[in-house]
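We number each residue from 1, following the sequence as shown.
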Amino acid sequence: MPVGTQATVKGLTQRDLAEDLDVGILLANTYHLFLRPGHELVARMGGLHRFMSWPRAILTDSGGYQVFSLSELRKITDDGVTFQSHLDGDRHVFTPESTVDVQMALGSDVMMVLDECPEYPVSHEYARESMRRTVRWAGRAFAHWRGKAGGDQSLFPIVQGSMFVDLRRECAEQLVELDADGYAIGGLSVGEPRPLSFEMVEATEPFLPRERPRYAMGVGMAAELAEYVARGVDMMDCVLPSRNARNGYLFTSQGRVIIKHTRYKEDPRPIDENCACYTCRNYSRAYLRHLYQAGEMLYAVLATRHNIRRYLDIMREIRQAILLGQFPKYLKTVRAAPVEVE
């Protein structure tokens, strides 16, 4: 899922995303939209789909990750979390119930419960206390949502437990009792070594129902997508394709391209000769390097379009490999691939 934090994927229009790239679902950020322009305004404008003119699915996170990253500006209690806006310093409160209300006002298709996302590393004692609070909050969120007859929206709980296998399993076992439409695995990509992230997914996956989607939040690098799928994950989101594009880091089928490198100054080839995106069909590495070096806005537009297409292509390749019964072979190929384009 491409990340449209403020109801936009930086550098791309909704037409680019829906028609050219065939994106099926976007992620938007509850914390940022709550602060600006406000969920009530979005509701008055007909909901997030109409507000941003997006015809396909939207997933909103609960805002918990952003709030908990404000370590100096928030206070956690069993009731919820009090925090100060990074915009103007005003104080706000998120509770399990209020974050459901905000997302219902936004009108997203998939909503996430409020969870506590501890930093890395933390003690087992703190992680256990935090995980059990997350489970209690999930129960409150589901009771509130079901009491309001949530309609066509789905609500996913989030498995936490830091980097402790026993806590991940305990959390997953309790959340499954909520009989949700899908389940998320949170608390990844918070500074832990990547093998540890994979281990936490492996520890969690056996306890989540196979007929419901599993969503690994906030991952990952292009080469890691197949690794998470191999461990039972169905959905992922990450800012990397768009953020890295703007910073000159391009993903290709042959490895990464760091576009500022001198070797691309007179390179007439597209970013990726195996890519059919608009950027690769029309522009050379030399031209993209020129745009990047000149600080031109068009660079970010073209690079973001390519990187998101690359990520979507990877997911299409994975689906096709699974359908053909060739996913193990595909995974071996990915693991053997070079890191950087020669």
Side-chain angles (χ1 to χ4, degrees), residues 1-28 52 54 56 189 218-229 235-321 330 333-334 337-342:
M1 296 177 286
V3 177
T5 301
Q6 311 256 19
T8 176
V9 176
K10 287 182 173 65
L12 298 182
T13 68
Q14 275 67 308
R15 187 187 70 176
D16 295 334
L17 293 161
E19 296 180 18
D20 293 352
L21 295 170
D22 195 25
V23 170
I25 177 169
L26 289 179
L27 185 139
M52 65 182 289
W54 177 247
R56 298 184 178 179
S189 294
V219 299
M221 290 293 282
E224 295 167 352
L225 303 184
E227 297 288 353
Y228 283 106
V229 171
M235 303 166 61
M236 289 163 272
D237 77 280
C238 196
V239 297
L240 280 176
S242 48
R243 180 183 292 165
N244 282 22
R246 297 193 300 275
N247 292 325
Y249 186 126
L250 301 167
F251 297 97
T252 83
S253 61
Q254 304 302 308
R256 70 185 178 191
V257 167
I258 308 299
I259 200 64
K260 70 179 180 181
H261 286 174
T262 306
R263 73 176 84 166
Y264 303 124
K265 186 175 182 179
E266 297 184 43
D267 193 333
R269 294 174 296 171
I271 299 169
D272 187 345
E273 291 172 305
N274 297 319
C275 179
C277 79
Y278 171 80
T279 302
C280 289
R281 291 198 317 269
N282 291 282
Y283 301 101
S284 68
R285 296 177 184 182
Y287 181 63
L288 287 162
R289 182 181 184 276
H290 158 67
L291 294 177
Y292 180 78
Q293 296 292 87
E296 285 291 340
M297 186 188 309
L298 180 59
Y299 166 76
V301 172
L302 295 175
T304 302
R305 185 187 291 243
H306 166 77
N307 269 4
I308 288 180
R309 172 63 184 261
R310 176 64 195 141
Y311 266 62
L312 295 172
D313 280 350
I314 290 169
M315 298 307 291
R316 291 184 188 107
E317 290 168 7
I318 290 171
R319 288 195 293 272
Q320 187 68 9
Y330 177 86
T333 303
V334 170
V339 172
E340 190 157 0
V341 171
E342 292 297 327

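Listed for the Arg256 side chain is no donor-acceptor partner under 3.5 Å among the backbone atoms of Phe251. Asp267 places no side-chain N or O within donor-acceptor distance of the main-chain N or O of Arg263, the cut-off being under 3.5 Å. With Arg56 contributing its side chain and Val23 its backbone, the two residues share a donor-acceptor pair below 3.5 Å.
Of the N and O atoms on the side chains of Asn307 and Thr304, not one donor lies less than 3.5 Å from an acceptor on the other residue.
Residues Gly218 and Cys238 share a closest heavy-atom pair of O-SG, 4.1 Å. The minimum heavy-atom distance between Leu12 and Leu21, with the atom names listed, is CD1-CD1, 3.9 Å.
For residues 270-281, the pairs satisfying side-chain hydrogen bond (donor to acceptor under 3.5 Å, both in side chains) are Ser253-Asp272, Ser253-Asn274, Tyr278-Tyr283, with sequence neighbours left out.
Scanning for side chain to side chain contact (heavy atoms under 4.5 Å, CB included) contacts around Ala286 gives Ser284, with sequence neighbours left out. Residues passing the salt bridge (charged side-chain N to carboxylate O under 4.0 Å, His left out) test with Arg246: none are found, sequence neighbours excluded. The salt bridge (charged side-chain N to carboxylate O under 4.0 Å, His left out) test applied to Arg289 returns no partner, not counting sequence neighbours. Every residue meeting the ring-ring contact (aromatic ring centres under 6.0 Å, His included) condition with Tyr299, not counting sequence neighbours, appears here in chain and number order: Tyr292. For Glu224, the side chain to side chain donor-acceptor pair (under 3.5 Å) criterion is met by Arg194, not counting sequence neighbours.
Interatomic distance, CG of Leu17 versus CZ of Arg309, reported as 13.0 Å (0.5 Å rounding). Atom CG of Leu250 is separated from atom CD1 of Ile258 by 7.5 Å, given to the nearest 0.5 angstrom. Residue Leu27 holds its CG atom at 7.5 Å from OG1 of Thr5, rounded to the nearest 0.5 Å.
At least one side-chain heavy atom of Leu240 sits under 4.5 Å from a side-chain heavy atom of Tyr311. A 4.5 Å side-chain heavy-atom check between Gln293 and Lys265 finds every atom pair outside the cut-off.
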Trace of the side chain to side chain contact (heavy atoms under 4.5 Å, CB included) decision for Val341 with Arg285: CA-CA 12 Å; Val341 171; Arg285 296 177 184 182; 4.0 Å; yes

